[in-house]
Amino acid sequence: MSSSSLVSLLLPCLLSLLLLRLSTILYPDPAAALPRVKRSPPLPLRFRHDGAFKILQVADMHFGNGAATRCRDVAPEVGGARCSDVNTTRFLRRVIEAERPDLIAFTGDNIFGGSASDAAESLLKAIGPAMEYKVPWAAILGNHDQESTMTREELMVFMSLMDYSVSQVNPPGFLVHGFGNYHIGIHGPFGSESVNTSLLNLYFMDSGDREVVNGVRTYGWIKESQLSWLHATSNELQENSRAPEFAFFHIPIPEVRGLWYTDFKGQYQEGVACSTVNSGVLGTLTSMGDVKAVFLGHDHLNDFCGDLNGIWFCYGGGFGYHAYGRPHWPRRARIIYTELNKGQKSWMEVESIHTWKLLDDEQLSKIDEQVLWRRNSR
């Protein structure tokens, strides 16, 4: 072998050793020089052995820089000047410990861009309790997340790579608008006949941030390409097994305004802030046939559920302490609880869907419990 050939073989090895040595100098901790592998939950997600699946909806955390970010619109007894993003983190930990959810759905404005000096660091702090408790979680974007140091695409990529995340950037094989459009199927429990079948389908969608229509600034909306993906995916999934479906997105649709005139459950305390464009979301959801509920964020003082065309539209209510709120009106979270029907030998299809809210008060009060859907009741 010639000397030139030997050098060409040894050069990559020498370069690798040099880089490794450099990394140990820059990062004295040996573990810091090693690649970081995402910790993922067992997939697919599935109902528990007792036939239940519980989702915690966290709407509008508006997380900033942690302890340095002050609270908004809180009563003096909540902490005054000592109240910060830490209160949001403490609330999230309390709810996780009390409810032990099987999935956490973060429905947008997870961070408040104007107060977050580093978007990645703020997200890690905001979502931290979910990763700490090893709870699978999924997230979508609101209209404020991208106002810091990362674009909407970068945010969704980052969140999809975080520990225990089941978030996705966009569906494979489809060209859709925005970032954060994806489906999650919840399979039957181990040992059941439906162990390889999705018994509950969850759709997460990007409702955008701000846009200009005819020279007027308005909120974003779900576009035609997203609705086409949604309808096509639902049709494919429901060919062999009809399963209840939920949708999660941040900005409400215009029809939600009309729920003021209905028998809604909860508090309707502010005007519905939606787009001036009606893109036909309600029509698409109705035509799918199996959508039982939609879960929204955006309007922090609304926490009600109302029925549109046989589909419940439910607000999560404001969760975060840096988000606007109202003094003496506690921050809150929504629980979505789905139960299977027990057959003679195995768990069967979904039997019922319940929801309630938890308040961040001394008792972690449970309010407004209701049945959203029960098989054979409609």
Looking only at side chains, do [X] and [Y] share a donor and an acceptor under 3.5 Å apart?
| X | Y | result |
| --- | --- | --- |
| R210 | T218 | no |
| N170 | N181 | yes |
| E77 | H328 | yes |

Cation over ring face, K342 and W347, 6.0 Å, 45°: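 Because its charged atom sits under 6.0 Å from the ring centre and within 45° of the axis, K342 does stack over W347.
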Can you see whether Y321 has R331 sitting over its ring - NZ or CZ less than 6.0 Å from the centre and within 45° of the normal? yes
Heavy atoms, side chains only, cut-off 4.5 Å: are R334 and T355 in contact? yes
What is the distance from atom [atom1] of [X] to atom [atom2] of [Y], rounded to the nearest 0.5 Å?
| X | Y | atom1 | atom2 | answer |
| --- | --- | --- | --- | --- |
| W137 | N110 | CH2 | CG | 8.0 Å |
| H231 | S287 | NE2 | OG | 3.0 Å |
| I55 | I184 | CD1 | CD1 | 8.5 Å |

Donor-acceptor pair, distance only, cut-off 3.5 Å: does the side chain of [X] make one with the backbone of [Y]?
| X | Y | answer |
| --- | --- | --- |
| R152 | F179 | no |
| Q57 | L296 | yes |
| D303 | G317 | no |
| S346 | E193 | yes |
| S241 | Q238 | no |
| N87 | S84 | yes |
| K38 | S165 | yes |
| K54 | E99 | yes |

Closest approach of N65 and A116, non-hydrogen atoms and distance? OD1-CA, 3.6 Å
Does a salt bridge link D290 with R242, judged by any charged N lying under 4.0 Å from a carboxylate O?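 Here D290 pairs with R242 in a salt bridge, since their nearest N and O are under 4.0 Å apart.
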Any carboxylate oxygen within less than 4.0 angstrom of a Lys/Arg side-chain nitrogen, looking at E270 and R326? no
Pick one: which of F204, Y203, W229, F248 meets ring-ring contact (aromatic ring centres under 6.0 Å, His included) with H183? Y203
For the ring-ring contact (aromatic ring centres under 6.0 Å, His included) test, which of Y315, Y324, F112 pairs with H300?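 One option only clears the test, and that one is Y324.
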Between side-chain atoms of residues 42-49 and protein atoms elsewhere (two or more places apart, or another chain), which donor-acceptor pairs fall under 3.5 Å?
residue, atom, partner, partner atom, Å
R46, NH1, G188, O, 2.5
R46, NH1, V195, O, 3.1
R48, NE, D50, OD1, 3.3
R48, NH1, D102, OD2, 2.9
R48, NH2, D50, OD2, 3.3

Can you list everything that forms a side chain to side chain donor-acceptor pair (under 3.5 Å) with R94? Sequence neighbours excluded, please. D360
Residue among D60, I140, L141, L92 satisfying side chain to side chain contact (heavy atoms under 4.5 Å, CB included) with F106: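 Exactly one candidate clears the test, L92.
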Applying side chain to side chain donor-acceptor pair (under 3.5 Å) to D109 and H298, what does each step give before you reach the verdict? CA-CA 8 Å; D109 284 358; H298 194 51; 4.7 Å; no
For E132, the side-chain contact (heavy atoms from CB on, under 4.5 Å) test, sequence neighbours excluded, returns R93
I'd like to know whether CD of E236 has more than 12 heavy-atom contacts from other residues, nucleotides or ligands below 6.0 angstrom. no
Would you say I367 and L372 are hydrophobically clustered, going by side-chain heavy atoms of ILVMFWY under 4.5 Å?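 In one cluster: no.
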same_hphob_cluster(L301, M61) at 4.5 Å side-chain heavy-atom cutoff: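 Not linked; separate clusters.
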Quick check, are the ring centers of F319 and H62 under 6.0 angstrom apart? no
Is the F295 to F246 ring centre distance short of 6.0 Å? yes
